[in-house]
Number of protein chains: 2
Amino acid sequence: MKIDPNSPADLSAQIASAIRDAIVTGHLIVDERLPSEAELAEQFQVSRPTVREALKRLAAQSLIRTQRGATGGAFVNRLSFEDAYCQQVTTSTLLLSMNAVSFDTACEARYALERACAPLSATRRSADQLATMRAEIFRQGQPGLTDEAFCASDVAFHRALVDGAHNPVLSYQLAGAVEAMQPLMNMITFTARDRQSILVLHSQIADAVEACDGAAAVAGLTALEEETRKLAADVFARRAAKR
Amino acid sequence: MKIDPNSPADLSAQIASAIRDAIVTGHLIVDERLPSEAELAEQFQVSRPTVREALKRLAAQSLIRTQRGATGGAFVNRLSFEDAYCQQVTTSTLLLSMNAVSFDTACEARYALERACAPLSATRRSADQLATMRAEIFRQGQPGLTDEAFCASDVAFHRALVDGAHNPVLSYQLAGAVEAMQPLMNMITFTARDRQSILVLHSQIADAVEACDGAAAVAGLTALEEETRKLAADVFARRAAKR
DNA sequence: AGACTTTTAAATGTCTGACAAATGATTGTT
DNA sequence: AACAATCATTTGTCAGACATTTAAAAGTCT
């Protein structure tokens with residue numbers, strides 16, 4: 001592991017990069033302890049603050065964790081699905097909000113991906129996940145629910161559907177697509193009639209999943225996508241007309 | 001934006017978190033300049049190195065960029081699809097390698113997601129993307145290709161297929177699923193016969209895409225998934241038998 | 001000998017103050 | 001007016017110090 005002191009790039013960035021490579025390539029394995037900050041400073045011929053900046057960069061990506069005390073130090077962190085999930089959601093949300101991604105584009109991606117999970121979920125979902133879907137459908141029918149709460153319940157419903165595939169990689173990937181849509185969905189006001197039609201489609205999907213009918217679940221999702229896009233188009237059209 | 005000096009969490013982590021929140025919630029907008037390090041230090045009542053550690057954390061997530069000089073400073077960065085794509089690949093790769101995800105699980109997720117893109121790609125792909133697919137198929141048929149090069153070409157083929165959907169959100173999401181599989185695929189040795197059968201399926205998919213036949217493309221992917229899993233199972237069985 | 005307390009050492013977390021280097025703005029000169 | 005020199009601001013880096021946490025080692029008492 002070497003760095004180039006004459007490179008235009010920051011030393012801390014170079015050091016972080018070198019250590020990251022060592023982790024990705026497997027030269028540093030999970031739970032292995034890195035040298036202490038003082039040792040790293042000497043090894044790279046830089047000062048301790050510079051090493052620390054590099055370590056903080058890695059910590060921000062959950063690649064390492066640090067512990068204080070006598071047997072402390074920086075350890076290679078096992079990247080958990082949970083950690084990756086959170087990063088994924090943050091990144092996806094910012095990506096959508098900062099890049100003027102149209103509602104349709106995001107919606108299309110989300111439902112395309114969800115349809116990929118549906119057949120698996122229909123055959124594998126646990127009773128618990130089905131119950132969650134039913135419970136969220138019930139909640140969505142409650143009067144007096146705020147739009148935010150309705151959206152949150154919607155996310156929970158779809159998350160249960162996705163998790164039903166019992167494939168952690170799929171769940172992780174979908175997390176971004178589904179949750180990142182929430183801020184966009186929150187821009188929409190749902191009338192009672194809108195909610196009713198969404199609810200019907202949700203029930204249809206839940207029924208399909210219960211019957212282990214993947215094709216029907218896919219059909220339900222397709223209908224839901226169409227409904228969602230129509231709904232959003234109406235809202236945006238009304239807003240545009242108001243000006 | 002306030003922090004709690006008595007919290008058990010690192011000050012730099014708290015500061016990073018506070019600024020991150022400000023960005024995510026839109027209090028800080030793209031290209032807005034943050035206060036200088038000295039000003040932030042005073043604002044949060046901490047020293048400059050502590051502020052710097054916080055800023056490096058944010059820089060590691062591509063949330064800010066820094067510039068030296070008189071009019072320099074830290075600026076809120078527009079998270080590009082390119083940046084997000086790279087992060088996604090790194091995260092997904094580590095996730096798979098560190099969590100003992102089985103080949104089958106990863107494979108299933110990858111092909112399920114790819115099938116989600118196929119119908120869109122069949123109707124929208126540009127001539128350029130179709131040409132890329134054909135070119136990669138040609139390359140895969142060249143004799144003397146190393147297994148690594150074959151895998152790399154495979155990734156390029158599938159990436160062209162995914163990009164054909166012309167949905168940047170989908171492309172970004174799929175990046176992780178497809179590229180993260182490469183290290184797993186590299187563990188496999190492809191015989192000439194294996195390559196031939198993969199090549200045939202790739203051609204089948206390309207033909208379907210050319211004919212705007214989404215269903216046929218999905219069928220091709222399904223067959224390819226089956227073939228890939230069978231291939232991997234054989235390799236693993238042979239390795240297990242050797243011991 | 002064993003259980004408890006104290007000490008110690010090692011490591012990260014934080015601070016202070018300083019200098020280097022980059023860079024745009026300002027000023028001065030021709 | 002064009003160009004060059006200077007300056008001020010800001011990030012990048014360094015050295016050294018102290019605070020805090022933590023576990024192990026040493027010591028002490030029953």
Side-chain angles (χ1 to χ4, degrees), chain A residues 1-20 22-23 28 31-77, chain B residues 1-20 22-23 28 31-77:
Chain A
M1 285 205 297
K2 282 279 158 55
I3 59 170
D4 172 16
N6 299 322
S7 156
D10 294 355
L11 293 178
S12 68
Q14 288 183 61
I15 293 169
S17 197
I19 298 176
R20 177 161 39 239
I23 295 175
L28 289 170
D31 290 335
E32 185 171 341
R33 184 179 173 282
L34 273 64
S36 72
E37 294 175 353
E39 286 169 326
L40 285 172
E42 189 175 8
Q43 190 174 320
F44 287 111
Q45 287 288 297
V46 298
S47 66
R48 216 186 120 207
T50 302
V51 167
R52 282 182 62 80
E53 286 179 11
L55 294 180
K56 294 312 164 201
R57 292 178 118 109
L58 298 174
Q61 296 180 302
S62 304
L63 293 184
I64 62 169
R65 60 176 187 276
T66 55
Q67 216 176 347
R68 294 174 72 165
T71 58
F75 299 83
V76 177
N77 194 33
Chain B
M1 285 202 299
K2 283 277 157 58
I3 58 170
D4 172 16
N6 298 323
S7 156
D10 293 357
L11 293 178
S12 68
Q14 289 183 61
I15 293 170
S17 199
I19 298 176
R20 179 164 36 239
I23 294 175
L28 289 171
D31 292 334
E32 187 171 342
R33 184 181 174 281
L34 272 65
S36 72
E37 295 175 354
E39 287 170 324
L40 285 172
E42 189 174 8
Q43 190 174 320
F44 286 112
Q45 288 289 297
V46 298
S47 67
R48 217 187 117 206
T50 302
V51 167
R52 282 182 62 80
E53 287 179 10
L55 294 180
K56 294 312 162 199
R57 292 177 118 111
L58 299 174
Q61 297 179 301
S62 305
L63 293 184
I64 61 168
R65 60 177 187 278
T66 55
Q67 216 177 348
R68 294 172 73 167
T71 58
F75 299 82
V76 177
N77 195 34

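These figures come from a predicted structure and were not determined experimentally. The chains referred to below are lettered A, B, ... by the order of the sequence lines, with proteins before strands, and numbering in each begins at 1.
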Let me know the distance between [atom1] of [X] and [atom2] of [N], rounded to the nearest Å.
{"X": "B:Ile3", "N": "C:dG13", "atom1": "CD1", "atom2": "P", "result": "15 Å"}
{"X": "B:Glu37", "N": "C:dG17", "atom1": "CD", "atom2": "C1'", "result": "15 Å"}
{"X": "A:Arg48", "N": "C:dT14", "atom1": "CZ", "atom2": "C1'", "result": "9 Å"}
{"X": "B:Arg68", "N": "C:dA22", "atom1": "CZ", "atom2": "P", "result": "6 Å"}
{"X": "B:Lys56", "N": "C:dT14", "atom1": "NZ", "atom2": "P", "result": "17 Å"}
{"X": "B:Asp10", "N": "C:dT12", "atom1": "CG", "atom2": "P", "result": "12 Å"}
{"X": "A:Arg52", "N": "C:dC15", "atom1": "CZ", "atom2": "C1'", "result": "11 Å"}
{"X": "B:Asp4", "N": "C:dT14", "atom1": "CG", "atom2": "P", "result": "12 Å"}

Positive for side chain to side chain contact (heavy atoms under 4.5 Å, CB included) with B:Arg65, one of B:Leu58, B:Asp31, B:Val76: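 Among B:Leu58, B:Asp31, B:Val76, the one meeting side chain to side chain contact (heavy atoms under 4.5 Å, CB included) with B:Arg65 is B:Asp31.
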Close side-chain approach of B:Val46 to B:Ile3, heavy-atom, < 4.5 Å: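 Heavy-atom side-chain distance check passes, below 4.5 Å.
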Sugar-phosphate, base or nothing in reach of B:Arg65, heavy atoms under 4.0 Å: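 The answer is nothing, as B:Arg65 stays clear of every strand by at least 4.0 Å.
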Whether over 12 other heavy atoms sit under 6.0 Å from A:Gln43 CD: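 Yes, enclosed.
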Nearest-0.5 Å distance, NZ of residue B:Lys2 to CD of residue B:Gln14: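 These two atoms lie 13.0 Å from each other.
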B:Lys56 NZ to A:Lys56 NZ distance, which is reported to the nearest 0.5 Å: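 Spacing of NZ (B:Lys56) from NZ (A:Lys56) equals 14.0 Å.
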Residue whose nearest DNA chain D nucleotide is more 5′ - A:Gln67 or A:Ser47: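 First, find each residue's nearest nucleotide; the 5'-ward one identifies A:Ser47.
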Closest contact, heavy atoms only, B:Ala60 versus A:Gln61: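 The pair with the smallest heavy-atom distance is O-NE2, 3.6 Å.
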Boundaries of the chain A footprint along DNA chain D (any atom under 4.0 Å from a heavy atom):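 It runs D:dG12 to D:dA23.
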